[in-house]
Number of protein chains: 2
Amino acid sequence: MVEMVRLKDVAARAGVSVSVASRALTDDAHARISADTRARIVAAATELGYQPDHRARALRLSRSGAIALVVPEVNNAIFGGLHSGIQEACQQRHTAVLLGQLNASDRSAQALSRLIGNGRVDGVILQRAEDYDDASLQAALDIPVPTVLFNSRLSGRPGSVVLDDPAAVRIAVEHLRELGHTGIGFIAGAAHHDAAARRLEAFTELMAGEPSHPEWTQSGGWEAPAGHLAMSRILGLDERPTAIVVASLNAAVGALHACAAAGVRVPDDLSIVSIHDAWIASYTAPELTTVRMPMVEAGERAATMLLDHLDGAELEDVVLHEPKPELLARGSSAAPTHR
Amino acid sequence: MVEMVRLKDVAARAGVSVSVASRALTDDAHARISADTRARIVAAATELGYQPDHRARALRLSRSGAIALVVPEVNNAIFGGLHSGIQEACQQRHTAVLLGQLNASDRSAQALSRLIGNGRVDGVILQRAEDYDDASLQAALDIPVPTVLFNSRLSGRPGSVVLDDPAAVRIAVEHLRELGHTGIGFIAGAAHHDAAARRLEAFTELMAGEPSHPEWTQSGGWEAPAGHLAMSRILGLDERPTAIVVASLNAAVGALHACAAAGVRVPDDLSIVSIHDAWIASYTAPELTTVRMPMVEAGERAATMLLDHLDGAELEDVVLHEPKPELLARGSSAAPTHR
DNA sequence: CATTGATGCACAATCGGTTGCGCATTCGAT
DNA sequence: ATCGAATGCGCAACCGATTGTGCATCAATG
């Protein structure tokens, strides 16, 4: 427990008034301070180990120096990368990151505003929950601070960073086609989530020339149980696809588990490719072939946009094309066995 | 974007001064306010949707109303539960939770103090990184706010919540013994982490009567690669145990993967029981038998202790005996096959 | 009826840092 | 030598809430 040193102490040590000390330390552009005085103040500050009090600064500047990251589920595979990227960008801009998990239980419109309090954070990065419909999302965003949506967008409300979902799906499908698959199914995310919709749409377009198999496309959710259920339904069909693209990694883990439970061998009987990558993909049996998405970069982009906006820039709707989604071929995909 | 309503506005609407409004809304015990006035103020506050500005309150009270949760790795299985518990306890006490990940890259002593800033949080809950030795930990804790350690303790520095590690290990070992196993190995955590040490010690005591097999105990770390490596070493031995207790879930996933890679069948050739439970344990092949630890409760306890301390209570060193660790028998443990 | 005490409220200082403005001094130009 | 401008610094207001203290008003008491 160290004693707190205030600006007053620094000023006293340098033999100046508090106001000059403040200007010297904040690099005020309008400041007219002699080089000598400035040096004395800086020296005094470092000697005393001065750190400005965030509370006072926040009050005066009406900036709390913190943003909130609100996610539906911290266990989701994408959370780690997203958080790293945001943390990284924020650290450089001297901003703290508050974490909020918005449980399924309290999805009321005020839940978010309670979470961020009044003046607690300057902005919010929100990962849309899979069971938020557009109206709920709009209602939840009725908060007095700007928001950037991650992998979701809302018409008429700028401020979003979405991944290149069509490219990811295309890469997965092309990989399977190169292996020789013609019958490809799709396990999608929640029906009314726009990221899930984009992936589904991309998949549908890619399948345009193929014989139609609507039952090979199953909507579910992003977590493992949903993936398990969707895969179970597909495995119950009379005529099965030989390969499946799964729209999220946790769901792919669930899907893989369903295969194991049903005695379906992966990749011999069925190939699986998942969108998103995380450590767990290298530790399943078989290891999961995935399309790595630039989550860290997406987090950085979202945080940067939010912080820039706080400094006056406009919010935008960004599609993150670079770095490109990348195929990580592992053991869950192989050429189909013709019988 | 809603307009901000200040206490001044509430006071004006109720026809009183700001000070009375403040006392009325904070339930000041010394306050002498007529019931009528108080009602008018409360009414005005709700009508205007008044929410006190956290920045101003923080400055005046020297309390920021936030605590930091600092973890080495958000992908670790225990993080989700821990965070939920802390969040839960903090929400009731109107406290926000800042998340900090202390990367392996910046393990300097100032990293933590930079993270929490000056006056940004009132306290810290710290999950010790597996590569922190006692001295580094002590140095990192040289911050001007109180700290509660999770699943770690430091002599001479009260403030910790640790799980009932010996009980967990005993439950795992007893389960394996009931199945008929006599040769039991152990994959421990990082050597100098005290939680790992407690689990290892408990294991050693339980093995006191058995023939000694020091090479059946492998120290590593808490993440999957460490578990993989440790298991590989054990599988390379001439004489193998028939069952393994793994000290953490992520490491168990890694260990299971090593078995699959080596063609060792689980549980036929080798049983695995892991300490800690999370969703992934139900989705591996085979599903992992685990000992569920009360992570949510531990988080609640740690947060409550910290918040109580901020209100004047003493910090304690708590061992969380209730709820007890619970065996969740799944597919990775079975009776040994005698050949 | 005068005095004491309790009651209900407002004034103003305060937390620590930021910033508009004013004052004094020095400098350059005529 | 004189005047205007530029420079260097301090004073004081302010951000929004909390809180010690003081001033009225009214009831209770002898």
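Chain letters run A, B, ... following the sequence lines, proteins first, then strands; residues in each count from 1.
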Could you state the atom-to-atom distance from [atom1] of [X] to [atom2] of [N] in whole Å?
X	N	atom1	atom2	answer
B:Arg120	C:dG16	CZ	C1'	15 Å
A:Asp53	C:dC15	CG	C1'	8 Å
B:Leu7	C:dA10	CG	P	12 Å
B:Arg40	C:dC9	CZ	C1'	11 Å
A:Arg6	C:dC15	CZ	P	8 Å
A:Lys8	C:dT18	NZ	C1'	16 Å
A:Arg55	C:dC15	CZ	C1'	9 Å
A:His54	C:dT18	NE2	P	10 Å

Judged by atom type as modelled, is there a donor-acceptor pair below 3.5 Å linking the side chain of [X] to the main-chain atoms of [Y]?
X	Y	result
B:Asn118	A:Gln51	yes
B:Asn76	B:Glu73	no
B:Thr46	B:Val42	yes

* Asked: B:Leu59 near the nucleic acid: base, sugar-phosphate alone, or nothing, with a heavy-atom cut-off under 4.0 Å?
  -> base

Table of protein N/O atoms under 3.5 Å from nucleotides 22-27 of chain C N/O atoms:
none

* Can you find an N or O donor on one side and an acceptor on the other, under 3.5 Å apart, linking the side chain of A:Arg23 with the base of C:dG20? -> yes

* Structure fact -> Between the CG atom in B:Leu82 and the CG atom in B:Asn151, the distance rounded to the nearest 0.5 Å is 9.5 Å

State plainly whether the residues [X] and [Y] are in salt-bridge range, i.e. N to O under 4.0 Å.
X	Y	result
A:Arg120	B:Asp53	no
A:Asp36	A:Arg40	yes
A:Arg301	A:Asp308	no
B:Arg157	B:Asp134	no

* Apply side-chain contact (heavy atoms from CB on, under 4.5 Å) to B:Val124 and B:Ile143, showing your working. => CA-CA 9 Å; B:Val124 172; B:Ile143 48 178; 4.0 Å; yes

* **Selected nucleotide, minimal atom distance to A:Val18 side chain, candidates C:dA10, C:dT14, C:dT18** => C:dT18

* Closest-nucleotide ordering on DNA chain C, the 5'-leading residue of A:Ser19 and B:Gly15 -> B:Gly15

* Comparing B:Ala56 and B:Thr37 on DNA chain C - which has the more 5′ nearest nucleotide -> B:Thr37

* Structure fact -> Contacted region of DNA chain D by chain B, from 5' end to 3' end of the hits, cut-off under 4.0 Å to heavy atoms, spans D:dG16 to D:dG22

* Are any of B:Ser34's side-chain N or O atoms less than 4.0 Å away from OP1 or OP2 of C:dC9? -> yes

* Asked: When you check the phosphate oxygens OP1 and OP2 of C:dT18, does a side-chain N or O of A:Arg57 lie under 4.0 Å from one of them?
  -> yes

* Asked: Going by atom types alone, do B:Thr37 and B:Ser34 pair a side-chain donor with an acceptor below 3.5 Å?
  -> yes

